[in-house]
J.: 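Here you go, one structure.
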2 protein chains.
Amino acid sequence: MANQLSVARFKAQAQVFKALAHPGRLLMLDELSRGERCVCDLAALVGSEMPTVSRHLSVLRNAGIVDDDKRGAQVFYRLVTPCVMDFFRCVSSVRRKARP
Amino acid sequence: MANQLSVARFKAQAQVFKALAHPGRLLMLDELSRGERCVCDLAALVGSEMPTVSRHLSVLRNAGIVDDDKRGAQVFYRLVTPCVMDFFRCVSSVRRKARP
DNA sequence: GGAAGTCTTAGCTATATGGCGAAATATTTC
DNA sequence: GAAATATTTCGCCATATAGCTAAGACTTCC
């Protein structure tokens with residue numbers, strides 16, 4: 001059986017993948033790859049209610065993928081680790097091999 | 001609001017991330033990166049019952065990440081898209097920026 | 001300071017996911 | 001062909017996730 005150290009490491013890594021495992025969150029990340037956006041912008045983009053979007057953003061923030069910056073009444077989110085976007089190329093190649 | 005095409009694309013991508021969003025499955029993928037393994041090997045590795053492991057493997061197979069090869073009474077799984085392993089480096093850098 | 005705008009938190013419900021044991025299926029061995 | 005081995009599928013329960021509305025907190029505008 002695997003040792004505890006690697007189990008803990010994979011548990012932490014799984015958290016990051018879990019944060020990426022939602023279409024709406026990927027859509028928001030794609031948008032954030034072109035610059036910071038406020039919550040209202042992202043809510044309009046994905047077409048969900050603001051509380052829902054706020055929750056999604058907190059998931060991404062807790063995973064260390066985005067960061068927030070409150071300016072006035074608005075909160076702007078931005079991508080912390082742009083390498084996340086590089087995943088998509090590989091994911092596309094995975095998808096081409098997926099069975100329906 | 002986002003167009004339907006990109007929504008569909010992100011939905012498919014999210015499926016791949018969802019398949020990666022489990023510590024046990026990451027552990028198995030790490031093992032498979034060193035060569036093909038039968039289900040019983042992987043079950044011993046993660047320390048779960050075989051039905052559980054078999055289910056995890058079918059998730060990975062449906063996502064296009066692994067493929068199976070039945071030889072005799074055993075079924076061997078192997079990594080189809082090794083680029084998946086490259087994710088881990090980036091994920092590590094994400095984790096270092098995550099808030100606890 | 002009250003109204004309007006922006007965002008988050010809380011409470012609720014519905015659905016998805018993960019684990020197990022039991023049962024079904026396929027293969028080898030005797 | 002019966003017993004043993006390897007794997008998958010099924011049925012069950014417990015927990016996690018996602019969406020909503022309502023309510024709370026903060027900022028700006030008048």
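Values below: every heavy atom of this structure, side chains too, minus hydrogens, waters and symmetry copies. To find a chain, count down the sequence lines: A is the first, B the second, and so on, and within it residues start at 1.
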J.: Say you draw a straight line from CD1 of A:Ile65 to CG of A:Leu32; how long is it, rounded to the nearest 0.5 Å?
T.: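 These two atoms lie 11.0 Å from each other.
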J.: Residues in side chain to side chain contact (heavy atoms under 4.5 Å, CB included) with A:Pro51, at least two apart?
T.: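 A:Pro51: side chain to side chain contact (heavy atoms under 4.5 Å, CB included) contacts with A:Glu49.
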J.: Using salt bridge (charged side-chain N to carboxylate O under 4.0 Å, His left out) as the criterion, list what pairs up with A:Arg78, not counting sequence neighbours.
T.: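 Only A:Asp67 meet the salt bridge (charged side-chain N to carboxylate O under 4.0 Å, His left out) criterion with A:Arg78.
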J.: Regarding A:Phe76, tell me which of base, sugar-phosphate or nothing describes its non-hydrogen contacts under 4.0 Å with the strands shown.
T.: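 Nothing, no heavy atom under 4.0 Å.
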J.: Restricting both atoms to N or O, compile the protein contacts to nucleotides 12-19 of chain C shorter than 3.5 Å, with distance only.
T.:
{"residue": "C:dG18", "atom": "OP1", "partner": "B:Arg25", "partner atom": "NH2", "Å": "3.3"}
{"residue": "C:dG19", "atom": "OP1", "partner": "B:His22", "partner atom": "NE2", "Å": "3.2"}
{"residue": "C:dG19", "atom": "OP2", "partner": "B:His22", "partner atom": "NE2", "Å": "3.3"}
{"residue": "C:dG19", "atom": "OP2", "partner": "B:His56", "partner atom": "NE2", "Å": "2.3"}

J.: Does A:Tyr77 have a side-chain nitrogen or oxygen under 4.0 Å from the phosphate oxygens OP1 or OP2 of C:dT6?
T.: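 So the side-chain polar atoms of A:Tyr77 never come under 4.0 Å of the phosphate oxygens OP1 or OP2 of C:dT6.
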J.: Check side chain to side chain donor-acceptor pair (under 3.5 Å) between B:Glu36 and all other residues, then give those that pass, not counting sequence neighbours.
T.: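 Partners of B:Glu36 by the side chain to side chain donor-acceptor pair (under 3.5 Å) criterion, ordered by chain and then number, come out as B:Arg71.
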J.: What residues, two or more places apart in sequence or in another chain, satisfy side chain to side chain donor-acceptor pair (under 3.5 Å) together with B:Glu31?
T.: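 Result, side chain to side chain donor-acceptor pair (under 3.5 Å) vs B:Glu31: B:Arg34, B:Arg37.
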J.: At their closest point, which heavy atom of A:Val46 faces which heavy atom of A:Met28, and how far apart are they?
T.: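 Smallest interatomic distance, heavy atoms only, reads CG1-CG, 3.7 Å.
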J.: Which parts of residues 29-38 of chain A get close to DNA chain C, meaning a heavy atom less than 4.0 angstrom away?
T.: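 Residues of residues 29-38 of chain A that come under 4.0 Å of DNA chain C are, in numerical order, A:Cys38.
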J.: Ring pair (Phe, Tyr, Trp, His ring centres under 6.0 Å): which pairs involve residues 38-78 of chain A, sequence neighbours left out?
T.: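 The answer is A:His22-A:His56.
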J.: Quick one: side chain to side chain donor-acceptor pair (under 3.5 Å) partners of A:Asp41, sequence neighbours excluded?
T.: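 Applying side chain to side chain donor-acceptor pair (under 3.5 Å) to A:Asp41 gives none.
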J.: Among all residues two or more places apart in sequence or in another chain, which pass the side chain to side chain donor-acceptor pair (under 3.5 Å) test with A:Gln74?
T.: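 In terms of side chain to side chain donor-acceptor pair (under 3.5 Å), with neighbours along the sequence ignored, A:Gln74 is linked to no residue.
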J.: Sugar-phosphate atoms are those with a prime plus P, OP1 and OP2; base atoms are the rest. Using that split, label each nucleotide of nucleotides 22-30 of chain C B, S or - for protein heavy atoms under 4.0 Å, 5' to 3'.
T.: B---SSS--
J.: Expressed in angstrom and rounded to an integer, what is the separation of A:Met50 atom CE from D:dT21 atom P?
T.: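 Atom-to-atom, A:Met50 to D:dT21, this comes out as 13 Å.
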J.: Whole angstroms only, please: what is the CG-P distance between A:Leu57 and D:dG19?
T.: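 Whole-Å distance recorded here is 12 Å.
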J.: Not counting sequence neighbours, which residues clear side chain to side chain contact (heavy atoms under 4.5 Å, CB included) with A:Ser33? List them please.
T.: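 Side chain to side chain contact (heavy atoms under 4.5 Å, CB included) list for A:Ser33, sorted by chain: A:Asp30, A:Leu79, A:Met85.
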